Amino acid sequence: MSRLQPARGTSDLLPEAMAAHRRVIDTARDAASLYGFQEMATPIFEFAEVFSRPLGDSSDVVTKETYNFTDRGGETLTLRPENTAGVVRAMISNGLTQSLPLKFFYAGPMFRYERPQKGRMRQFHQIGIEYLGPRDGLADAEIIGCGARVLDGLGVLDRCTLHLNSLGDTESRQAYRTALLAFLDAHAGDLSKDSRTRLTTNPLRILDSKDQGDRAILAAAPRLDGFLNDMSKAHFETVTAALDKAGIAWRLDPLLVRGLDYYCHTAFEFITDALGAQGTVLGGGRYDGLSEMLGGPPVAGVGWAAGVERLAMLAGAQAPAGPAVAVMPMDDDAGVAAHALAEMVRNAGIAVDVPTGGAIGKRLKKADRAGVRLAAILGSDEIANATVQLRELAAGTQKEVAQADLVSDLVDLLVKPVGGAGA
RNA sequence: GCGGGUGUAGCUCAGUUGGUUAGAGCGCCAGUUUGUGGCACUGGAGGUCGCCGGUUCGAAACCGGUCACUCGCCCCA
């Protein structure tokens, strides 16, 4: 290992990884645009309150996972750990509450100070959508459908299960919280250490504890769906009815709770077992109270975010695409002419590389391996005759063509399927 | 923050009970082929054995510490 490494929990995206990321992001953007979501971006850092207020001071994200710093002007800033708060802040800042409903898609890096693990980095990337305005459960179903479409587009939907739950509105959640606390207090001595501290900080979180002992206790705990009031029940029924009608399979998961305080009603996660401990690949829910928490008018919202790294891992490797054509000078003397010829080809919109240095044979071999299909070889004879040796690398055949005809010949050959001649 | 595993060439890994100049395959560079790759053969470059300290006549190997990576806990995408 070299001494010079990237900071812990960060990594370089070399072309191969970058290609996989791009595929995820492009697929998501395309799917989102089918639903009318438009891409936007917010800053990578915000005033600390943008995250600390809505996320809740007791949430793990804020207490131990944010990157905070003070800038030269004395402002306390936070590298965004997620993007929903930033998008809602942008809605308020730009006065967009006059233009509801809003449908946004975003993609970009997020930052959480955590111990790195498979599928979890300190700088990671998320794609997500936010649907601002509608209170109706149909909006929930629409964004879930959009999420399913993203996963399907990547070919990973069949390896994911949609877990769904309702947290209810504030009233329902309060009632449940009281009942749950009463139950858990009676078993406090048997709970895991982590869960005991959560009794005071965030009791709902105990529900998705992975501790065996906790799970045994929770089996007898009161369930959230028993405490939903009529309005909350109706909302959830709209969501599930719409999902069923759309043919989207889901599974009720009464233990599914979202970590962030602003969620209400619908909570969902697409979970896979193919990624080790980090099973959640796309998750989200409804956050009707968020805008007010940030000091804006009451605006309802639903959305989800998905981890690009996790999706890229699930979807598999992606070969980065390079130029299919190379112009190769025979030697240094042909370099200038080769560059001029390459520019001519580029003017026609065809991507061209000009490998120089080293033996021509090595360059042909390397080009072939890199996926180049056609090489236009240029030496002193060709320069004198205004021609070029046009070689099909896979087949090893070549012919002399006039430089003036090069572009049209390239177009003809590029249309042919790879290896179509034989092999 | 807590626990397990792993650190030897660009990559994947050998390296015997501690022994002298640390190896292989792949990759890379060059040659056999003076204007043409893939096969083959030949040669070459490339290593503070993660780092620091200790034990020893002698450490890549044993001990301690440390750093990094990795898997898991917590939490989440």
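Just so it is clear, the structure is predicted and the values come from calculations on it, not from any experiment. In what follows, every chain begins at residue 1, and chains take the letters A, B, ... in the order their sequences are listed.
Side-chain to base pairing of A:R391 with B:G37: one donor and one acceptor N or O lie within less than 3.5 Å of each other. Contact annotation: side chain of A:R112 to base of B:A77, donor-acceptor pair present below 3.5 Å. One donor-acceptor pair, N or O on each side, does fall under 3.5 Å between the base of B:G35 and the side chain of A:E382. If you check distances only, the side chain of A:R8 never reaches the base of B:C67 with a donor-acceptor pair under 3.5 Å. Donor-acceptor pairing under 3.5 Å, judged by distance alone, is present between the side chain of A:Q398 and the base of B:U36. Residue-to-nucleotide contacts include no donor-acceptor pair under 3.5 Å from the side chain of A:Q126 to the base of B:C76.
A:R112 contributes no side-chain N or O that, together with a main-chain N or O of A:E65, makes up a donor-acceptor pair within less than 3.5 Å.
Rounded to a whole Å, the CD atom of A:E65 is 12 Å from the C1' atom of B:A77.
No more than 12 heavy atoms of other residues, nucleotides or ligands shown are found within 6.0 angstrom of CD on A:E16.
For the pair A:E114 and A:R120, the salt-bridge criterion is met [side-chain N within less than 4.0 Å of a carboxylate O].
Between A:R115 and the phosphate of B:A68, there is no side-chain N or O to OP1/OP2 separation shorter than 4.0 Å. OP1 or OP2 of B:C29 sits under 4.0 Å from a side-chain N or O of A:K366.
Using C1' as the reference atom, B:A60 and B:U16 are 14 Å apart when rounded to the nearest Å.
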